[in-house]
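See structure below.
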Amino acid sequence: MAAMRNTRLYSAIMEQALVGITRYYRSNPKVDFRKLRPMILKRIENRAKDYPVKTMIPVAYDVLRSRALLIQGVSTLLQVIPIWSCKFCPEVYIGEKGHEIKTCHGFRRHAKNKLHEWVKGGINDILIPVETFHLKNMFQDVIKHDQRFDYNRIPAIVELSLQAGADINDESLFTDNLECVGAESLSNDELRLVADGTLKAWEVVRSGVEKLLMVYSAKVCKYCSEVHVGPSGHKARLCGVFKYESWRGTHLWKKAQVDDLFPPKIVWFRRPQDPVVLQDKWRSFYGHAPAVVDLYTKAGAIAPPKYYCQMKLQGLSADIPFRPRG
């Protein structure tokens with residue numbers, strides 16, 4: 001009881017102190033914010049000397065290397081494993097034929113609960129590209145709307161790694177020099193090894209980005225998928241969420257998470273007990289999985305246990321009628 005009283009007393013004292021400080025700066029006519037501006041800018045310049053954080057530089061290099069291996073591995077697996085993408089919505093399915101689950105919402109969500117129209121998919125359907133402005137330095141001025149064409153757009157993970165200290169001139173970190181292995185010439189065991197390395201690279205990228213976001217700031221728009229890596233968001237009016245603003249809407253920024261920079265594409269997962277083509281009437285029986293994990297299992301490997309619940313591996317088959325007890 002005494003400890004709780006002391007904690008409450010301390011909280012009340014701190015709250016009163018903060019209120020007093022706020023009132024002082026608001027009511028004191030002697031405070032000149034024009035004189036404070038050079039001091040604030042000086043502190044920002046001094047803060048830039050602390051970056052990049054040396055302990056995070058190896059993490060940035062691991063993220064870029066694993067990203068290159070991930071792209072190479074997915075490209076190899078897609079040579080032998082078919083992937084389908086809906087023509088009118090972002091739905092993706094991995095398998096011999098597309099499913100018949102009515103989840104298509106059409107172009108710009110003009111439809112609802114329609115059958116998908118499948119076309120051949122590619123690597124961008126598995127690894128969704130998220131691009132951002134490439135900053136000259138981490139603490140530069142905010143990018144204005146009329147400056148949006150003065151900056152290149154690069155993958156957000158690459159920009160985060162570069163700000164964390166990775167060298168942009170290191171050619172071994174990028175995928176341009178990687179050659180995709182001919183998957184047709186690989187045996188089942190070799191294909192399984194490729195899948196295993198691909199999933200490990202995917203896990204390293206996700207864990208590495210999560211570590212970098214604990215140290216470096218990244219923003220995502222609250223109303224669209226625009227991402228900005230840096231202490232503050234840009235001012236390019238490209239959101240268009242409000243009708244009266246058309247395409248000139250200003251982004252509303254919030255803190256970005258791992259899924260914003262490296263989104264896991266979630267797909268319907270076909271289990272061994274499921275029919276060859278997933279049916280809409282049994283959709284509640286089917287599970288889901290990240291597309292990379294589904295691709296990994298299609299290559300003959302066993303999924304990690306942490307995905308079993310999402311995949312509903314132990315769930316009932318749609319062909320078995322459910323009989324309640326009693």
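- A60 and S161 get closest at one heavy-atom pair: CB-O, 3.5 Å.
- Across every non-hydrogen atom of T76 and Q72, the tightest pair is OG1-O, 2.9 Å.
- Environment of CD in E96: sparse, with no more than 12 heavy atoms of neighbouring residues, nucleotides or ligands closer than 6.0 Å.
- Grouping the Ile, Leu, Val, Met, Phe, Trp and Tyr side chains by contacts below 4.5 angstrom, directly or via other members, places I266 apart from V293.
- Judged by distance alone, with hydrogens and angles left aside, the side-chain atoms of S207 form a donor-acceptor pair with the main-chain N or O of V204 at under 3.5 Å.
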- Report the C-alpha separation of E226 and R153 in whole Å, then their side-chain angles, then the decisive distance to 0.1 Å, and conclude whether the salt bridge (charged side-chain N to carboxylate O under 4.0 Å, His left out) test is met. CA-CA 12 Å; E226 176 71 6; R153 301 276 293 184; 3.0 Å; yes
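- The closest donor-acceptor contact from the side chain of E117 to the backbone of L115 lies at 3.5 Å or more, if one exists at all.
- Taking CG from L70 and CZ from R65, the interatomic distance works out to 15.5 Å, rounded to the nearest 0.5 Å.
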- Task: For side-chain contact (heavy atoms from CB on, under 4.5 Å), just list the numbers for R283 and L278, CA-CA rounded to whole Å, side-chain angles, deciding distance to a tenth of an Å, and then say yes or no.
- Result: CA-CA 8 Å; R283 59 193 293 179; L278 303 183; over 6 Å; no
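- Between Y223 and L252 there is a side-chain heavy-atom pair separated by less than 4.5 Å.
- To the nearest 0.5 Å, the span separating CG on L261 from CD1 on I157 amounts to 6.5 Å.
- Here OG1 of T198 is found 11.0 Å from CD1 of I71. Values are rounded to the nearest 0.5 Å.
- Between the OG atom in S217 and the CG atom in L212 there is a gap of 12.5 Å [rounded to 0.5 Å].
- Taking the charged nitrogens against the carboxylate oxygens, D196 and K200 do have a contact shorter than 4.0 Å, which makes a salt bridge.
- The two residues E159 and T132 make their nearest non-hydrogen contact at CB-CG2, 3.7 Å.
- With contacts defined as side-chain heavy-atom distances shorter than 4.5 Å, the pair C104/E91 does not qualify.
- Around CG of N188, the count of heavy atoms belonging to other residues, nucleotides or ligands within 6.0 Å does not exceed 12.
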- Before giving the answer on side-chain contact (heavy atoms from CB on, under 4.5 Å), spell out for V229 and L135 the whole-Å C-alpha distance, their side-chain angles and the decisive distance to 0.1 Å. CA-CA 8 Å; V229 180; L135 304 184; over 6 Å; no
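- The aromatic rings of W118 and Y93 lie tilted to each other, with the angle between the two planes from 30° to 60°.
- Residue S85 holds its OG atom at 11.5 Å from CD1 of I94, rounded to the nearest 0.5 Å.
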- Message: Under the criterion salt bridge (charged side-chain N to carboxylate O under 4.0 Å, His left out), I'd like the reasoning laid out for E100 against K281: C-alpha separation, chi angles, the key distance, then a yes or no.
- Response: CA-CA 9 Å; E100 296 183 357; K281 61 181 179 178; over 6 Å; no
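- In this structure the side chain of L162 never reaches within 4.5 angstrom of the side chain of D167, judged on heavy atoms.
- H228 has its ring centre no less than 6.0 Å from the ring centre of H251.
- Counting heavy atoms from C-beta outward, L78 and L295 have side chains that approach closer than 4.5 Å.
- With hydrophobic clusters built from ILVMFWY side chains whose heavy atoms lie under 4.5 angstrom apart, I143 does not share a cluster with I154.
- Under the rule for a salt bridge (Lys or Arg N to Asp or Glu O under 4.0 Å), K219 has no partner lying at least two apart in sequence or in another chain.
- Residues V92 and V267 approach most closely at O-CG1, 3.4 Å, considering heavy atoms.
- Heavy atoms of other residues, nucleotides or ligands lying less than 6.0 angstrom from CD of Q140 number more than 12.
- For D141, the CG atom counts as loosely surrounded, since its 6.0 Å shell holds 12 or fewer non-hydrogen atoms of other residues, nucleotides or ligands.
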- Item | Check against salt bridge (charged side-chain N to carboxylate O under 4.0 Å, His left out), D259 and R206 | CA-CA 9 Å; D259 290 349; R206 290 191 61 84; 2.6 Å; yes
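- Counting heavy atoms from C-beta on, the side chains of D280 and T103 never come closer than 4.5 Å.
- For the pair P82 and K120, the tightest heavy-atom approach, listed with the atom from each and the gap, is CB-NZ, 4.1 Å.
- Every ring-ring contact (aromatic ring centres under 6.0 Å, His included) that F133 has, sequence neighbours left out, goes to H234.
- The shortest side-chain heavy-atom distance between R271 and M311 does not fall under the 4.5 Å cut-off.
- W202 and I302 fall within the same hydrophobic cluster, defined by Ile, Leu, Val, Met, Phe, Trp and Tyr side-chain heavy atoms under 4.5 Å apart, directly or through other members.
- Rounding to the nearest 0.5 Å places OH of Y307 at 12.5 Å from CZ of F269.
- A 6.0 Å sphere centred on NZ of K265 holds more than 12 heavy atoms belonging to other residues, nucleotides or ligands.
- Side-chain contact between H105 and P90: present, with at least one pair of heavy atoms (C-beta onward) separated by less than 4.5 Å.
- A303 approaches T297 most closely through the heavy-atom pair CB-CG2, 3.7 Å.
- I126 and L191 fall within a single hydrophobic cluster, where Ile, Leu, Val, Met, Phe, Trp and Tyr side chains are chained together by heavy-atom contacts under 4.5 Å.
- Between W268 and Y286, the ring planes lie perpendicular to each other; the angle is over 60°, past the 30° to 60° tilted range.
- In the hydrophobic cluster analysis, where Ile, Leu, Val, Met, Phe, Trp and Tyr join through side-chain heavy atoms closer than 4.5 angstrom, L213 is grouped together with Y216.
- In this structure the side chain of H145 never reaches within 4.5 angstrom of the side chain of K235, judged on heavy atoms.
- For K97, there are no salt bridge (Lys or Arg N to Asp or Glu O under 4.0 Å) partners two or more places apart in sequence or in a different chain.
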